[in-house]
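I have placed the structure first, in the form of structure tokens, so that the comments after it can refer back to it.
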Number of protein chains: 2
Amino acid sequence: MIKKVTIYDIAKVLNVTAATVSRALNNNKNISEATKKLVLETAEKMNYEPNKLALALKSGKSNNIGVIVPRINTNFFGSIIRGIEDELNPSGYHIIICQSHNDETKEINNIESLINSQVDAIFISTSSKHSEQFEKILKKNIPLIFFDRKKTMDGVSSVTIDDFAGGYMATKHLIDQGCRKIAHLASGDFKIEIFHDRHEGYKQALIDHGIDYREDYVIHTTSKIAEGKIAVAQLFELDEKPDAIFSSSDFLALGAIQELKARNIKIPEEVAVIGFANEPFTNFEELSISTIDQFPVEMGQMTARVFLEQMATSQNIKIDKKVVMEPKLIIRKSSKK
Amino acid sequence: MIKKVTIYDIAKVLNVTAATVSRALNNNKNISEATKKLVLETAEKMNYEPNKLALALKSGKSNNIGVIVPRINTNFFGSIIRGIEDELNPSGYHIIICQSHNDETKEINNIESLINSQVDAIFISTSSKHSEQFEKILKKNIPLIFFDRKKTMDGVSSVTIDDFAGGYMATKHLIDQGCRKIAHLASGDFKIEIFHDRHEGYKQALIDHGIDYREDYVIHTTSKIAEGKIAVAQLFELDEKPDAIFSSSDFLALGAIQELKARNIKIPEEVAVIGFANEPFTNFEELSISTIDQFPVEMGQMTARVFLEQMATSQNIKIDKKVVMEPKLIIRKSSKK
DNA sequence: CTGTTAGCGCCTTCAG
DNA sequence: CTGAAGGCGCTAACAG
């Protein structure tokens, strides 16, 4: 094992003390230009690298941020993490990634593990139904920020889009196209706020336009192409077939479209479809699926910025900043009559 | 600031010494069941959390792995990181993510920064043309493992697919379909081994089947849909139009297909197309693009496993294990006549 | 079985 | 301007 060179090693070589070396390395004023230059040069020569761990232990600041997402290999979460990394990297922070796999137990383990690692903050898109684990983070005085899938908690910042508005504008768009029998495919549990809110937006848009809300038009399922097909099959068992579908997931919307095509149902004439997330594939010419943009990269950047501001202003006081970004309706062929 | 509770705090409460507490917490045999139980209970009561930083400083092992990729929000790299995380998490490691943005300077900064953070290993898919920065990692005795975009270096393990074979089998497939005028869209610099190798595989397949290699059939571009369109436009300026396209990127392939369709050229009858990577969208019914699967999740898992084995066997000796995974030809409508 | 001591690498008073 | 000393939280000898 090659010993790593420390400030003591370079102190010994120069017949000075480690404190002097430390001062030279840190641009401390209490040092002569001559020795400073000397130290810097030999440090370079000896291939010295500072040990952040020692610094972290001493300062209580690791410069690491823990980020927990359901899964990293999706465009949406990948983009958020990209935004976070882009924004935080210049400030010297590193991102530690954890996946919850949509499992509350794993999420709790991740949190525990990140706390032990002394991360300076935890950013999370939660899959949890409970929130004791978050109280624990706060008790340790570790800044906690929710993004996308949040829990509403005092003293905790969050960055989300207005999912209610997203659900509302998607549904209203379908109504504007002349649709009256609008089904909703929910890609997740209503205990998770985003799915709850999108559904509420859907409902409100119906009500505001004098359309009855029908429970049998709401399908609870998961964000998979295959599930979209099944959902359509289920909807078309009904006596009154829907003339539009608002899906809270683009993948689900794609599956729905495939099933509709397989049944020779014309899109958007007979059934208009709109998804949610603006996944890159929805913009492919061959697909052209209407959707709601959530601006994931920007959401990640914003999350990071909320944290940086929080650090800059008041280290100790919990800030409770709820950033709500406006989603954007993107109309494409699948719904534009 | 709420002080974090340390073993000293709980030692004080119990009127024992920190060492005793440490032993209790670490299942050391030299301790009575009684005191052990007592310590564990009060630790729980006091909301104690171990400080990994202190442990890391002491042991010289941070339990963090640095992973550098060009960009995280792509299916391919996202999937690899997912594989790495899935495999390493159970062993108590955390993944620190860095993006190089395909920029050698940023990559060097990332490496420097990860070294300072005392990561236990660096996994990288490199965008660099030089390799001094990698020598530096090795000099620090930090295990280095390349995945996908590797450099061939002694004492360094790598996990890749056989890109030559991938290029070869894609091209041979097109030949088998009766194509003779096969163009190649290269999505990256040939100084990056994967693109070099795919091109070599392409070339060799042509040679082996008595087809002349033509430089004007090789387009150097980048992995973007729009570039695929431009490339097709360029190819169709030639006197002898190609009757097939092998693209080293699925996105490029998609762009090419879109441009061919726009020109009313029949796929695959007039021009057969095959991409590379098996991006999820290539499997959509509407697209159905032939491609080469690189098994990114498995590649990530394998990378992690190579590291874990290396740790298990010999901490100090550099292992030089080159894992080459077999790519898989996936035939879909874009090339099957 | 438990306490004492030293040290991981660095920074920060406090003296000189 | 520089040196000496202590401590961040924890573990690992070495004593007792």
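Naming convention: chains lettered A, B, ... in sequence-line order (proteins, then strands); numbering from 1 in each chain.
Considering B:Arg305, B:Arg82, B:Gln301 in turn, B:Arg305 is the only one that fulfils the side-chain hydrogen bond (donor to acceptor under 3.5 Å, both in side chains) rule with B:Glu87.
Residue B:Ser22 places at least one side-chain N or O closer than 4.0 Å to OP1 or OP2 of D:dT11. In terms of phosphate contacts, A:Thr6 brings no side-chain nitrogen or oxygen within less than 4.0 Å of OP1 or OP2 of C:dC8. Contact between the side-chain N/O atoms of B:Tyr8 and the OP1/OP2 oxygens of D:dT11 is not found at any separation under 4.0 Å. Contact annotation: B:Asn30 does not reach the phosphate of C:dT2 (side-chain N/O to OP1 or OP2, under 4.0 Å). The side chain of A:Thr20 places an N or O atom within less than 4.0 Å of a non-bridging phosphate oxygen (OP1 or OP2) of D:dG3. OP1 or OP2 of D:dC10 has not a single side-chain nitrogen or oxygen of B:Ser59 nearer than 4.0 Å.
In this entry the distance linking CG of A:Asn15 with P of D:dC1 reads 20 Å, nearest Å. For B:Lys140 and C:dG9, the NZ to P distance is 12 Å, given to the nearest whole Å. Put simply, CE on B:Met46 is 13 Å from P on D:dG9, counting in whole angstrom units. The CG atom of A:Leu25 sits 12 Å away from the P atom of C:dT12 (whole-angstrom rounding). Here the P atom of nucleotide D:dA12 and the CD1 atom of B:Ile7 are 11 Å apart, to the nearest Å. Going from atom CG of A:Leu38 over to atom P of D:dC1 covers 15 Å, rounded to whole Å. In this entry the distance linking NZ of A:Lys12 with C1' of D:dA4 reads 17 Å, nearest Å. Whole-Å rounding puts the B:Glu33 CD to C:dT2 P distance at 11 Å.
Remark on DNA chain C: of its neighbouring residues B:Ala54 and B:Lys36, the 5'-side contact belongs to B:Lys36, judged by nearest-heavy-atom nucleotide.
Listed candidates were D:dG3, D:dC10, C:dT2. Nearest to the side chain of B:Arg23 is C:dT2. When the nucleotides D:dG3, D:dC8, D:dA13 are ranked by their closest atom to the side chain of A:Lys58, D:dC8 comes out on top. Of the candidate nucleotides C:dC10, D:dG9, D:dG3, D:dG9 has the atom lying nearest to any side-chain atom of A:Leu57.
Within 4.0 Å (heavy atoms only), A:Ile31 reaches sugar-phosphate atoms of the nucleic acid but no base atom. Backbone-only engagement by A:Asn51 is indicated by non-hydrogen atom pairs under 4.0 Å involving sugar-phosphate atoms exclusively. Counting any heavy atom pair closer than 4.0 Å across all strands shown, A:Thr17 reaches a base atom.
Under the 3.5 Å distance criterion, with hydrogens and angles disregarded, a donor-acceptor pair is assigned to the side chains of B:Lys36 and B:Asn27. Between the side chains of B:His94 and B:Asn89, no donor N or O sits under 3.5 Å from an acceptor N or O. Between the side chains of B:Asn63 and B:Lys61, at least one donor N or O sits under 3.5 Å from an acceptor N or O.
Aromatic rings of A:Phe123 and A:Phe146 (six-membered ring for Trp) have centroids beyond the 6.0 Å cut-off, not under it.
With salt bridges taken as basic N to acidic carboxylate O contacts below 4.0 Å, none links B:Glu193 and B:Lys151.
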